[in-house]
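Whatever order the structure lists them in is the order used to number ligands and atoms, beginning at 1.
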Amino acid sequence: MPGFEFFGDEERKEVNEVLETGILMRYGFDGPRKGIWKSKELETAVTQVFGCNHAQLTSSGTAALTTAMAALGIGVGDEVIMPAFTFVASFEAILSVGAVPVLVDIDETLTLDPAAVKAAITPKTKCVMPVHMCGSMADMDALQQICTDYNLILLEDACQSIGGTYKGKKLGTIGAAGTFSFDFVKTITCGEGGVVMTNDKDVYTKCDAYTDHGHDHLGVDRGADLHPFIGYNFRISELHAAVGLAQIKKLDTFLSIQRKNNKLLRSYLEQVPGITFRAVPDEDGDSCSFLSWMLPTEAATKAAIESLKEAGVFAGNFYWYANNWHYITKWDHLKNATTLNRLHDAQTAALLALQTQSFAKSDAIMSRTISTAISLLWTEEQIKEKGEKMLAAIAKVL
Ligand SMILES: *Cc1c(COP(=O)(O)O)cnc(C)c1O
């Protein structure tokens with residue numbers, strides 16, 4: 001999965017060009033920066049590599065989601081439908097713009113269940129936010145149809161699925177807007193960073209100003225910029241963008257290694273009767289950063305985890321169901337509406353209601369799902385050894 005495994009001379013070269021001038025900021029200082037504009041260059045590269053009209057870099061993936069929501073006009077009084085299996089950033093961004101997160105079940109794609117989305121729509125629903133978890137994608141045709149039928153905004157959280165596609169389109173470029181994270185463990189990294197992608201010029205222009213205090217970037221110099229609206233500072237630095245610029249050039253290499261390693265490991269797990277794999281709406285589009293597989297029961301899954309640990313091959317495997325970061329079961333801070341500052345009353349009420357909401361369908365899937373992170377550094381020999389050991393450890397308990 002992670003680009004940090006391939007950090008090298010290319011990244012150092014890009015960063016050193018910024019260090020040579022000492023202009024670490026992405027805006028202004030036109031003379032001293034001597035033509036070095038890493039953030040702008042990375043934004044152009046993102047539009048070219050992923051096939052979208054506009055890209056706005058941000059300081060993180062979470063900031064990218066917040067920015068996208070603000071630019072799409074999502075705020076107080078609005079509900080955003082999101083999956084119960086995701087990273088905590090999804091609801092953080094929704095709450096930060098004043099909207100209400102509406103959590104619904106996932107299906108065997110490990111992403112939004114279209115039927116659950118439909119059932120959760122109310123007059124307040126403004127946006128549907130699929131999260132393309134663990135390298136693969138949601139059923140975008142079904143979700144797009146729902147958004148068209150009910151006049152809702154489709155916002156893709158593609159933070160974990162850089163390079164994945166759905167029917168030929170890059171994940172993150174299908175909805176009204178989409179986001180990537182470039183944090184340290186994502187498919188390409190800036191150290192910290194993120195991006196909003198969109199084909200809508202108006203949405204982009206809003207993102208551009210919003211991430212820089214609302215400055216409109218139309219003044220003769222920065223001090224002359226006007227403020228069409230209030231913004232924040234979600235800027236990326238030139239040092240971070242420089243790392244990303246080196247990484248995006250390696251994306252094709254990352255993806256081809258990921259796919260090769262994923263397929264080879266899968267060929268071992270496929271030999272275990274009882275193992276099934278996550279449903280992938282477009283197999284060709286899987287970025288393959290993870291291999292996600294399921295056992296028949298929760299008990300068998302827990303026994304397999306113990307057996308994998310005993311065999312010394314559990315490292316790199318994720319049992320999200322018992323993980324504090326990624327699934328509703330463990331999000332007590334969310335369900336108790338524990339915040340430092342006061343939320344809107346509708347937000348608090350919605351969060352407290354999560355305490356009694358059933359996610360039985362998601363539980364039945366997540367309690368049986370293990371995701372294996374695919375390393376770019378594995379040799380074929382290592383994958384074979386890992387595959388054989390995993391196979392034996394799992395077969396032992398089934
Ligand atoms: C990583 C991640 C984010 C947030 O990205 P940061 O850059 O860490 O803020 C958002 N959503 C998902 C699904 C992620 O995995």
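Sorted by first and then second residue, the pairs that involve residues 293-314 and meet salt bridge (Lys or Arg N to Asp or Glu O under 4.0 Å), not counting sequence neighbours, are E298-K302. The list of salt bridge (Lys or Arg N to Asp or Glu O under 4.0 Å) pairs with a residue in residues 35-60, not counting sequence neighbours, reads E14-K38, E17-K38, R26-E43.
Geometric assessment of R266 against the ring of F277 yields a positive cation-pi assignment under the 6.0 Å and 45° thresholds.
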Dump the pairs for me: ligand 1 N or O, protein N or O, distance under 3.5 Å, to 0.1 Å.
from     : atom 1 : to   : atom 2 : distance (Å)
ligand 1 : 5 (O)  : S181 : OG     : 3.2
ligand 1 : 7 (O)  : G61  : N      : 2.7
ligand 1 : 7 (O)  : S181 : OG     : 2.7
ligand 1 : 8 (O)  : D183 : OD2    : 2.7
ligand 1 : 9 (O)  : G61  : N      : 3.4
ligand 1 : 9 (O)  : T62  : N      : 2.9
ligand 1 : 9 (O)  : T62  : OG1    : 2.5
ligand 1 : 11 (N) : D157 : OD1    : 3.4
ligand 1 : 11 (N) : D157 : OD2    : 2.8
ligand 1 : 15 (O) : Q160 : NE2    : 2.9
ligand 1 : 15 (O) : K186 : NZ     : 3.1

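Between F254 and F6, the ring-plane angle classifies as perpendicular under the 30° and 60° cut-offs. The aromatic rings of W320 and F290 lie perpendicular to each other, with more than 60° between the two planes, well past the 30° mark.
As a member of the Ile/Leu/Val/Met/Phe/Trp/Tyr network built from side-chain separations under 4.5 Å, L340 groups with nothing else and remains a singleton.
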